[in-house]
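Just so we're on the same page: letters track the sequence lines, and every chain starts at 1.
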2 protein chains.
Amino acid sequence: MKESAQDRLRRYNIKPSVQRMAVLDYLMTHYTHPTADTIFNALYPAIPTLSKATVYNTLNLLTEQGVIQMITIDEKNARFDARETPHLHFRCSACGEIFDFDLPPLQMEALKDYDITDIQVYCKGVCPTCQKKENNINN
Amino acid sequence: MKESAQDRLRRYNIKPSVQRMAVLDYLMTHYTHPTADTIFNALYPAIPTLSKATVYNTLNLLTEQGVIQMITIDEKNARFDARETPHLHFRCSACGEIFDFDLPPLQMEALKDYDITDIQVYCKGVCPTCQKKENNINN
DNA sequence: TACAAAATTGTAATCATTACAAATAAAGAA
DNA sequence: TTCTTTATTTGTAATGATTACAATTTTGTA
């Protein structure tokens, strides 16, 4: 049985306000790496008093506390991800979609004295679907 | 003997204008992950007619052509890196410095059908020097 | 109910980056 | 060379995501 957004906030000692639960719940049910704007637009109908500032405040708080990750693979907007296990992001330069992949643990002797709080691996290139499309265009 | 900025531009079939050589040469002699602004300020005295727009144009061109890498580990500004071998970036949350580490090749069966053009690995945390400082403050 | 602290809101400001049109430089042809 | 075309650079205005901040609302507690 999956942990709820409320429980996850409690686990990090963050007061589960309506707005915080809504933002985190959206991320925990949409593993689409949304932007702050996307999250705001999705929640606004259900919470018409919601402010975009609150969405930004909440995302920053959750990121600082390590509840979620801020992804900077897209230079235009920050994206957010509620997955808790280290994983790899692949961003297709053709369609823009961001794919998740499990990541083998990277143990590096050279980093042993560094206190690592966050690991992010970004790959960029073309996904198989877009490769096929490109081939069709060129034939 | 090291390759010059001019030769590297030629290798990528990019016309080696004075401005492009200056930007790339700066990156090839300063592995400090500078921002566009830092590069502009460093080059401006020697090239007083240089425009910041040219620095941005050049950095974008070099990034698109794969001559350099754009690093987004710092959410505020893009940073740039002329290293050609895949490597890992560690950003200290205390002092802000970005350290380079060699990266073991990451071969992942799950990605075999993806056409990967760029791999970036970001680690965040506290470097040994800042860890010591933090301990001293707490004692 | 009253008070203090925390959270949310709306809006203005910030600031890195981009857009764009004008100016300049480079390349090619005759 | 001189003319013509193309590529590059420049200065400045615009963009747009994010932040700052003061006012308002909500929450917790006595």
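- One atom, CG of Asn57(B), and another, P of dA21(C), lie 15 Å apart when rounded to the nearest Å.
- Per the geometry, CG belonging to Asp74(A) stands 15 Å off P belonging to dG16(D), to the nearest Å.
- Rounded to whole angstrom, the span from the NZ atom of Lys52(B) across to the C1' atom of dA19(C) amounts to 17 Å.
- The side chain of Ser51(B) lies closest to dT10(D), out of dT10(D), dT8(C), dT17(C).
- Each of dT9(D), dT9(C), dT17(C) was ranked by its minimum atom distance to the side chain of Arg20(B); first place goes to dT9(D).
- When each of dT10(D), dA16(C), dT8(C) is scored by its nearest atom to the side-chain atoms of Thr54(A), the top-ranked nucleotide is dT8(C).
- Phosphate contact (OP1/OP2 of dT19(D), side-chain N/O of Asn60(A), threshold under 4.0 Å): present.
- Between the CD1 atom of Ile14(A) and the P atom of dA6(C) there is a distance of 15 Å, given to the nearest Å.
- Across the protein-nucleic acid pair, Leu61(B) atom CG and dT10(D) atom P stand 14 Å apart, rounded to whole Å.
- For the pair Glu75(B) CD and dC15(C) P, the computed distance is 17 Å after rounding to whole Å.
- Under the 4.0 Å criterion applied to side-chain N and carboxylate O atoms, Glu64(A) and Lys124(B) are not assigned as salt-bridge partners.
- Minimum atom distance to the side chain of Gln19(B) is reached by dT9(D), of the listed dT8(C), dT9(D), dT17(C).
- For dT17(C), the OP1/OP2 oxygens have a side-chain nitrogen or oxygen of Tyr56(B) closer than 4.0 Å.
- In this model, the phosphate group of dT9(D) is approached by a side-chain N or O of Ser17(B) to a distance below 4.0 Å at OP1 or OP2.
- Here the P atom of nucleotide dT12(D) and the CZ atom of Phe40(B) are 12 Å apart, to the nearest Å.
- Atom CG in Asn77(B) sits about 17 Å away from atom P in dT14(C), given to the nearest Å.
- Donor-acceptor pairing under 3.5 Å is recorded for the side chains of Asp81(A) and His87(A).
- More than 12 heavy atoms of other residues, nucleotides or ligands lie within 6.0 Å of CZ in Phe101(A), so this atom counts as buried by the packing criterion.
- Residue Thr49(B) places at least one side-chain N or O under 4.0 Å from the OP1 or OP2 atom of dT10(D).
- Here Asp37(B) lies out of heavy-atom contact (under 4.0 Å) with every strand.
- Between Tyr122(B) and His89(B), the ring planes are tilted. Angles from 30° to 60° get that label.
- Aromatic rings of Tyr31(B) and Phe99(B) (six-membered ring for Trp) have centroids beyond the 6.0 Å cut-off, not under it.
- Of the candidate nucleotides dT18(D), dT11(C), dT17(C), dT11(C) has the atom nearest to the side chain of Ala53(A).
- For the pair Lys15(B) and Lys76(B), nearest-nucleotide mapping onto DNA chain D gives the more 5' position to Lys15(B).
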